[in-house]
> 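One structure, pasted below without further comment.
Each residue takes its place number in the sequence, starting with 1.
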Amino acid sequence: MALDQHTLNHSTSHLMAEAIMNLYPEAKLGFGPAIEEGFYYDVDLPFQLTEEDLAKIEKEMRKIAGKNLPFVRKEVSKEEALKLFKDNPYKIELINGIDGTITIYTQGDGFFDLCAGPHVERTGQIQNFKLLSIAGAYWRGDSKNKQLQRIYGTSFEKKADLEEHLRILEERKARDHRRLGKELGLFMLSEYGPGFPFWLPNGMIVRTEIENMWKQLHQKYNYMLVDTPIMLSKELWITSGHWDHYKDNMYTTEIDKNEFAIKPMNCPGAILCYKNDLHSYRELPLRYAELGHVHRYEASGALNGLFRVRSFTQDDAHTFVRVDQIEEEIRSILKLYDEVYSLFGLNYKIELSTRPEEGYIGSIDIWNKSEAILKEVCEKSGKEFKINPGDGAFYGPKLDFKVKDCMGRVWQCGTIQLDMNLPERFDVSYIDDKGEKARPVMIHRACLGSVERFIGVIIEHFAGAFPLWMAPEQVRVLPVNNNFHLEKAKEIVESLRNAGIRAVLDASEDKLGYRMRASQVKKVPYTLVIGDHEKDEGTVTYRHFGSKNQITLPYGEFEKMLQEEIKSRALPKAE
C-alpha cells in the first residue's frame with residue numbers, strides 16, 4: 001500500500017529533528033510540519049547552519065532510518081508534557097495553548113516530540129529524502145519574536161519521484177523571475193526603496209499589454225473603470241474596519257493635523273464611488289473595476305522579488321448587486337476568470353474560505369448565508385472546490401483561485417468575496433421596486449490579484465519567453481551583411497513598426513551566428529535573417545524562439561501571420 005505523501009513528509013521532519021538533536025544537543029525545536037512539497041523544521045541554535053551542516057544532518061537521518069525505529073503515539077497530561085519539554089520554551093508555549101488531548105510521538109527509546117500525528121509506522125520507510133535549504137523564520141510568524149533557522153526538505157516513497165522533483169527544482173532556479181527580470185530588463189529593486197519595484201522599459205511593455213488586455217475584457221463584461229485616491233483619511237478606514245485589522249500594515253501620515261493612511265485595499269474607494277449617486281434596482285448590478293495602487297508594510301525578511309512587495313497594483317473590481325442577482329453575477333465572474341487564465345495557459349482549483357474563528361465583522365447568520373451562496377454557485381456551475389476553514393476575509397467568505405503553473409507550483413491569484421457587512425457599515429443602499437431603500441450585496445473580486453506578483457509568476461511560467469502579444473521585443477531583424485542587406489533590413493523594420501509590431505534592428509558588426517544567439521538569449525519570439533534571396537525576392541526568413549528550423553515566407557504573409565497571432569493573444573508555439 002502506497003504511503004500518504006503528507007504523512008511521509010511529516011514523518012521525515014521528525015526524522016530530521018532527531019538527527020538535529022543527536023548532532024546538536026543544545027538545539028531547541030519549534031514547528032516541524034509537512035507543507036505543499038515537503039516539510040520544514042524551525043530550530044533555535046546558537047550558531048548559523050551551513051550547507052555542509054545539511055549534509056551532516058542528512059547522513060545522521062539515514063543512520064536513524066537504517067535502525068527502522070517505530071513511531072509510537074502516546075497521550076500525556078499537560079503536567080507530563082510540561083515536564084517532558086521543560087527545557088524547550090517553544091514547546092512549553094505550544095503546550096500551554098492546547099486545551100484538548102496532548103500527544104507525543106517517540107522514535108525508538110530516545111527521541112520524542114510534541115505532535116498530533118499521524119506518522120508512518122517505522123523510520124525504515126523513510127528512504128528517499130533531500131534537505132534543500134536554510135532560511136530565517138520568526139517564531140510563530142511574528143517579527144516581534146526571535147528569528148529561528150528553518151530547514152526545508154522533501155521526501156518521496158520512490159527514488160524516481162525524488163529525482164524528478166529535484167530536476168523540477170533545478171528548472172525553477174533557471175526560471176527565477178529575479179534573474180530573468182534582470183537579464184531581460186523587466187524590473188529592478190533598489191536599496192533606496194526595499195519592496196518597491198522599479199519597472200524598466202521592457203517590463204513596462206509586458207505590464208501595459210496585460211493591463212490593456214484586462215481593460216478590454218472588463219469593458220466586454222460591462223465593468224466601469226474608476227480610479228480612487230491613494231491616500232484617504234483615518235475615519236474612512238475606521239468605518240471600513242481596516243484600521244482595526246490592518247493598522248500595523250498601513251503607512252500613515254498627518255495632513256492638516258488629521259491622520260491619513262495610504263490605502264492597503266481599494267474597496268472603501270469603490271464604495272464612495274457608488275455612494276456618489278442614488279441608484280435604482282434597475283441599474284444593478286453596478287460593476288466598478290480599478291487597477292488600484294496599494295501599499296502594505298511587509299517585514300524586510302519576507303520581501304521576495306515581485307512575489308512579496310510593499311507596493312503593488314491590485315486588479316480589483318467591486319460589484320453591487322441585489323440578492324437575487326448574486327448567482328448570475330458570480331457565474332459571470334467565473335466565465336471572465338476562465339477567459340483570463342486561459343490566455344496564459346494556467347489551470348486553477350477553487351477553495352471556499354469560511355468565517356475566521358475571531359476578528360470577523362457581522363453576524364454569524366450573515367456569514368452562514370454568504371458561505372451557503374458561494375457553495376451553491378460553485379456546485380451549479382460545475383466547479384469543484386474544497387473548504388478552507390477559517391481563512392475568509394474579516395468582512396466575508398471568499399472563493400480563492402489556486403493557479404497551477406507549468407512546473408506544478410500553486411499560486412494564490414484570484415479571489416471572489418461575498419460581502420454583506422461593508423454595505424451595512426457604510427449605509428449603502430438602492431431604491432427597490434417598491435420605492436423603498438434596500439441594501440445591496442457587495443462582491444469583491446480580483447482575477448490577477450497583485451499585478452506585480454502575477455507578472456512574477458508568468459515570467460517563471462514562460463521562462464521569460466512570453467507569448468508574442470506581450471513580448472517586449474517581438475521581432476529582431478538581422479542583415480547578413482551590412483554592405484549589401486542593411487537598407488532592406490531597415491525597410492522591413494520600418495514596415496513592421498508601422499503595422500504595430502515591436503521590431504528591432506541588429507546591424508552590429510558581430511558575426512551572424514553570434515547575433516542569432518543573442519536574439520535567442522533575449523528570448524525574442526521571431527528572428528529574421530535578411531540576405532540576397534530575401535532582398536531580391538521580397539521574402540523573409542525567420543526562426544521562431546526555441547526552434548532550429550528556418551522558414552521563408554513572402555513578407556506580406558509573415559506580417560499577416562504575426563498580426564493574427566497578436567490579435568488572438570495565442571500562447572507560444574510548441575516546437
> Going by distance alone, is a donor N or O of one side chain under 3.5 Å from an acceptor N or O of the other, for T313 and R207?
yes
> Is any side-chain N of the basic residue among R409 and E37 closer than 4.0 Å to the acidic one's carboxylate O?
no
> Can you name the one residue among K28, R150, K146 that meets salt bridge (charged side-chain N to carboxylate O under 4.0 Å, His left out) with D44?
K146
> Between R310 and E298, does at least one N-O distance fall below 4.0 Å, as a salt bridge requires?
no
> If you measure from CG on L422 to SG on C267, what distance do you get to the nearest 0.5 Å?
6.5 Å
> Is there side-chain contact between Y105 and F111, with heavy atoms separated by less than 4.5 Å?
no
> Side chain to side chain donor-acceptor pair (under 3.5 Å): which pairs involve residues 278-290, sequence neighbours left out?
T228-E290, K263-E290, H279-E283, R287-E329
> Do K220 and E339 have side chains that approach each other closer than 4.5 Å (heavy atoms only, starting at C-beta)?
yes
> Kindly indicate, with the supporting measurements, whether the criterion ring-ring contact (aromatic ring centres under 6.0 Å, His included) is fulfilled by W139 and F31.
CA-CA 9 Å; W139 169 240; F31 278 121; 5.0 Å; yes
> Can you list the steps and then say if Y297 with D248 is a side-chain hydrogen bond (donor to acceptor under 3.5 Å, both in side chains)?
CA-CA 8 Å; Y297 172 72; D248 291 342; over 6 Å; no
> Does K404 NZ have over 12 foreign heavy atoms under 6.0 Å away?
no
> Decide if atom NZ of K383 counts as having more than 12 heavy atoms of other residues, nucleotides or ligands within a radius under 6.0 Å.
yes
> Do you know which two heavy atoms are closest between L291 and K215, and how far apart they sit?
CD1-CE, 3.9 Å
> For F39 and H10, run ring-ring contact (aromatic ring centres under 6.0 Å, His included): C-alpha distance rounded to whole Å, both residues' side-chain angles, the deciding distance at 0.1 Å, then the answer.
CA-CA 6 Å; F39 60 89; H10 189 191; 9.7 Å; no
> To the closest 0.5 Å, what do you measure between CD1 (I416) and CZ (F401)?
4.0 Å
> Is the shortest heavy-atom distance from the side chain of T239 to the side chain of L236 under 4.5 Å?
no
> Can a donor-acceptor pair be found, under 3.5 Å and without considering hydrogens, that links the side chain of Q219 to the backbone of Q216?
no
> From I271 CD1 over to N276 CG, what is the distance, rounded to the nearest 0.5 angstrom?
14.0 Å
> Would you say P356 and W367 make side-chain contact, with heavy atoms under 4.5 Å?
yes
> Determine whether V403 and V410 make a side-chain contact, defined as any pair of heavy atoms from C-beta on separated by less than 4.5 Å.
no
> Only counting residues at least two apart or in another chain, list the ones meeting ring-ring contact (aromatic ring centres under 6.0 Å, His included) with W199.
none
> A side-chain contact here means heavy atoms from C-beta on lying under 4.5 Å apart; do I102 and E75 qualify?
no
> Evaluate the criterion side-chain hydrogen bond (donor to acceptor under 3.5 Å, both in side chains) for residue pair Q314 and R453; output intermediate values, then yes/no.
CA-CA 10 Å; Q314 191 85 10; R453 185 168 181 266; over 6 Å; no
> For P268 versus S240, what's the shortest heavy-atom pair and its separation?
CG-CB, 3.9 Å
> Would you say the side chain of D315 lies within less than 4.5 Å of the side chain of R445, judging by non-hydrogen atoms?
yes
> Using a strict cut-off of less than 4.0 Å between a Lys/Arg side-chain nitrogen and an Asp/Glu carboxylate oxygen, indicate whether K91 and D113 qualify as a salt bridge.
yes
> Please check: side-chain N/O of N88 versus main-chain N/O of L29, any donor-acceptor pairing under 3.5 Å?
yes
> Near E121 CD, under 6.0 Å, is it more than 12 heavy atoms from other residues, nucleotides or ligands?
no
> Is it true that E171 and R167 have a side-chain N and a carboxylate O under 4.0 angstrom from each other?
no
> Who passes side chain to side chain contact (heavy atoms under 4.5 Å, CB included) against K335, sequence neighbours left out?
Y221
> Aromatic contact between F344 and H461, with the criterion being ring centroids under 6.0 Å apart: yes or no?
no
> Name the orientation class of the two ring planes belonging to W411 and F307 (parallel below 30°, tilted from 30 to 60°, perpendicular beyond 60°).
tilted
> Search all heavy atoms of G414 against all heavy atoms of Y337 and return the closest pair with its distance.
CA-CE2, 4.4 Å
> For D391, does its backbone N or O pair with a side-chain atom of N388 as donor and acceptor, under 3.5 Å?
no
> Taking P264's backbone N and O only, do any of them form a donor-acceptor pair with R296's side chain (distance below 3.5 Å, no angle check)?
yes
> Is a salt bridge present between E384 and K349, judged by a nitrogen-to-oxygen distance below 4.0 Å?
no
> Taking the six-membered ring for Trp, are H119 and F71 parallel (under 30°), tilted (30 to 60°) or perpendicular (over 60°)?
parallel
> Taking all non-hydrogen atoms of both residues into account, name the closest pair between G345 and L571 and its distance.
N-CD2, 3.7 Å
> Take N9 and S155 through the side-chain hydrogen bond (donor to acceptor under 3.5 Å, both in side chains) test and state the conclusion after the steps.
CA-CA 6 Å; N9 272 310; S155 184; 4.8 Å; no
> Checking side-chain hydrogen bond (donor to acceptor under 3.5 Å, both in side chains) against E460, which of H177, R175, R172 comes through?
H177
> Please step through ring-ring contact (aromatic ring centres under 6.0 Å, His included) for the pair Y90 and F85, ending with a clear verdict.
CA-CA 9 Å; Y90 306 108; F85 295 96; over 10 Å; no
> At what distance, to the nearest 0.5 angstrom, does CD1 of I387 lie from CD of E371?
8.0 Å
> Taking atom CD1 of I458 and atom CZ of F466, what is their separation to the nearest 0.5 Å?
5.5 Å
> Taking the side chain as everything from C-beta on, heavy atoms only, tell me whether F320 gets closer than 4.5 Å to M442.
yes
> Output yes when a side-chain donor or acceptor of S429 lies under 3.5 Å from a complementary backbone atom of K437, and no otherwise.
no
> Examine the side chains of R355 and N368 and answer whether a donor and an acceptor come within less than 3.5 Å of each other.
no
> Let me confirm one number: the OG-CZ distance from S353 to F385, rounded to the nearest 0.5 Å.
11.5 Å
> Is there a donor-acceptor pair closer than 3.5 Å between any side-chain N or O of Q149 and the backbone N or O of V43?
no
> Under a 4.0 Å threshold between the charged nitrogen and the carboxylate oxygen, would K144 count as salt-bridged to D142?
no
> Measure across I330 and V377 and return the closest heavy-atom pair with its distance rounded to 0.1 Å.
CG2-CG1, 3.5 Å
> Taking all non-hydrogen atoms of both residues into account, name the closest pair between T319 and P285 and its distance.
CG2-CB, 3.8 Å
> Applying salt bridge (Lys or Arg N to Asp or Glu O under 4.0 Å) to R439 and D427, what does each step give before you reach the verdict?
CA-CA 8 Å; R439 191 78 71 204; D427 191 25; 2.9 Å; yes
> Where the side chain of T103 meets the backbone of C115, is there a donor-acceptor pair that is under 3.5 Å apart?
yes
> Is the number of heavy atoms from other residues, nucleotides or ligands under 6.0 Å of K402 NZ greater than 12?
yes
> Verify the neighbour count for atom NZ of K369: are there more than 12 heavy atoms of other residues, nucleotides or ligands below 6.0 Å?
no
